[in-house]
Protein chains: 2
Amino acid sequence: MSLPLHERIRSEMEAAILSGALRPGARLPTEQELMRDYGCARMTVSKALSALASAGLIERRKRAGSFVARPRVHSMMLDIPDLEQEVTERGQRYRFELLGRRTAPPDPADAEEVQLAGRGELLVIDGVHFADDMPLASERRLVSLWSVPEIALEDFAEISPGAWLLGHVPWTEAETRIAAVAADRTVAARLEIETGNACLFIERRTWRGDEGITLVRQHFVGSAYDLIARFGSARSMGGV
Amino acid sequence: MSLPLHERIRSEMEAAILSGALRPGARLPTEQELMRDYGCARMTVSKALSALASAGLIERRKRAGSFVARPRVHSMMLDIPDLEQEVTERGQRYRFELLGRRTAPPDPADAEEVQLAGRGELLVIDGVHFADDMPLASERRLVSLWSVPEIALEDFAEISPGAWLLGHVPWTEAETRIAAVAADRTVAARLEIETGNACLFIERRTWRGDEGITLVRQHFVGSAYDLIARFGSARSMGGV
DNA sequence: GCGGTAATTATGTCTATACATTATTGGCGA
DNA sequence: TCGCCAATAATGTATAGACATAATTACCGC
């Protein structure tokens with residue numbers, strides 16, 4: 001056994017919970033009992049239980065003890081792949097084609113644009129992501145030049161705007177909306193599909209503190225793309 | 001200051017990272033320096049750094065020190081609402097209409113079905129979710145009678161199969177696939193839309209340990225539904 | 001120089017102890 | 001019986017020290 005004791009305690013408790021031996025709501029042994037069972041100090045047990053608590057598997061209440069939490073379906077981890085990496089991993093060639101790039105004041109009729117722009121203008125970037133020269137996704141991105149002035153110097157010949165932003169701008173919050181829509185004329189032309197075809201539509205807004213950074217709207221060819229969300233395999237929750 | 005010292009250290013480091021004062025790759029103070037700065041014991045500092053590490057904000061290397069990790073967009077929390085609750089909250093009336101219900105052996109040609117069935121048969125349930133008598137989603141659900149024999153007694157007059165399973169079967173893992181598809185004839189008829197219209201397609205598989213419990217495929221009317229995923233509000237990461 | 005080895009330094013784990021916090025339990029008195 | 005208060009039992013936070021582990025750095029013999 002090379003793995004640390006607190007990890008062992010953690011994983012054995014976790015196994016008991018996930019196997020159903022400890023049902024939701026059940027009380028698990030107190031720290032005292034566990035330190036007797038494992039012959040270790042309380043800190044060690046506590047570390048194991050803290051990890052389970054922060055992973056959401058148990059709930060700890062003073063005086064009362066620790067209890068198995070009811071797993072909530074309501075939230076899962078959604079993997080949002082980096083397009084370039086995913087395409088490359090499938091053995092295809094990735095390319096981002098820049099279709100347009102202009103700076104403009106926000107549309108005063110669009111509250112989102114106004115809020116994003118802050119006291120400056122917006123950079124509007126249009127482009128298409130390709131996999132092996134087949135269009136995969138069309139993208140329109142608005143970037144706040146107020147928050148990210150240095151992006152004005154970038155021409156995106158070598159790197160997609162998304163990848164550039166990821167590497168250059170620290171962000172703190174993001175929200176992604178996922179829907180299915182019919183391709184309009186513009187999108188259909190860019191993706192080389194027919195108007196009305198089903199597209200996965202992803203709209204993501206990113207903030208740094210209160211400052212909006214970017215708003216991106218992507219249309220994926222419906223037949224070529226899907227997203228995966230997972231809950232469980234508690235192995236993946238703790239760290240790494 | 002009522003908040004514990006290790007939380008304070010954690011949040012101050014976090015702020016320094018998120019604000020950009022400590023850029024990705026930068027080395028942050030050693031535990032020794034921090035325990036001098038805050039006048040506390042090493043365990044306290046270590047707890048703060050461990051929390052940051054398990055949240056993925058920093059990376060710790062022996063001998064070398066702790067470094068700010070590059071933020072990864074790759075995973076967000078996806079909210080998966082309970083349909084009945086969401087419809088009701090919008091002030092609409094929710095109804096699940098059962099269209100079919102039969103038991104059958106798994107299709108031997110479909111490896112997923114065979115695996116789900118285990119050594120038993122499958123319960124196949126077809127139905128439509130309505131909001132104010134407008135179709136919202138069509139659903140076909142397969143349930144392993146081997147894992148959940150008691151579902152054979154339920155007639156789903158009062159409760160949808162999804163809600164019943166949530167309340168009765170502890171599960172440990174789930175995987176959700178999200179895509180955009182065109183409605184086929186069957187789906188279009190059920191949803192009262194035209195064949196070929198865009199639908200958000202959600203396929204979710206649920207396990208308890210190695211045992212498959214259920215596989216559900218839902219088609220949502222594209223114009224009536226979307227999903228939201230979030231990352232951030234760093235406050236929400238640690239615990240609570 | 002070059003390569004192997006030892007010293008150093010930073011994190012990782014663990015113990016033993018102390019006191020704080022808080023919700024429950026039980027008892028005591030009006 | 002009801003309500004308040006104190007004892008109790010559990011987790012929460014923190015300290016100080018010991019030893020383990022691993023990677024970098026420095027040194028030394030060749």
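Note: hydrogens, waters and symmetry copies are ignored here, and every other heavy atom, side chains too, is used. So that the names make sense, note that chain A is the first sequence line, chain B the second, and so on, each numbered from 1.
Dashed line: the shortest gap from a side-chain N or O of A:Arg27 to OP1 or OP2 of D:dA10 is under 4.0 Å. Taking side-chain N and O atoms only, B:Thr44 has a distance below 4.0 Å to OP1 or OP2 of D:dT15.
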Checklist entry - Would A:Met77 and B:Met76 count as a side chain to side chain contact (heavy atoms under 4.5 Å, CB included) if you check the C-alpha gap in whole Å, the side-chain angles of each, and the deciding distance to 0.1 Å? => result CA-CA 6 Å; A:Met77 292 307 291; B:Met76 299 194 172; over 6 Å; no
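One finds no salt bridge joining A:Arg93 and A:Asp132 here, because no Lys/Arg side-chain nitrogen approaches an Asp/Glu carboxylate oxygen to under 4.0 Å. Using a 4.0 Å cut-off between a side-chain N of Lys or Arg and a carboxylate O of Asp or Glu, A:Glu113 and A:Arg205 do not qualify as a salt bridge. Checked for salt-bridge contact, B:Glu86 and B:Arg90 miss the test: no charged N lies under 4.0 Å from a carboxylate O.
Here C:dT17 presents its P atom at 16 Å from CD of A:Glu31, a figure rounded to the nearest Å. Between the CE atom of A:Met35 and the P atom of C:dT15 there is a distance of 9 Å, given to the nearest Å. Straight-line distance from the CZ atom of B:Arg42 to the P atom of C:dC14: 13 Å, rounded to whole Å. For the pair B:Glu7 CD and D:dG12 P, the interatomic distance rounds to 12 Å; values are reported in whole Å. The CD atom of A:Glu59 sits 11 Å away from the P atom of D:dG12 (whole-angstrom rounding). Rounding to whole angstrom units, CG of residue B:Leu5 and P of D:dG12 are separated by 17 Å. Spacing between atom CZ of A:Arg63 and atom P of D:dT11 amounts to 11 Å, rounded to whole angstrom units. In this structure, CG of B:Leu3 is placed 16 Å from P of D:dG12, rounded to the nearest angstrom.
Listed candidates were C:dT15, D:dA16, D:dG12. Nearest to the side chain of A:Ala41 is C:dT15. For A:Cys40, counting side-chain heavy atoms from C-beta on, the closest listed nucleotide (C:dT13, D:dA14, C:dT15) is C:dT15.
In this structure, A:Glu203 and A:Leu215 approach most closely via the heavy-atom pair CG-CD1, 3.8 Å.
Along DNA chain C, the nucleotide closest to A:Ala64 and the one closest to B:Met43 are compared, and the more 5′ of them pairs with B:Met43.
Across all strands shown, A:Leu49 has no heavy atoms under 4.0 Å from either base or sugar-phosphate atoms.
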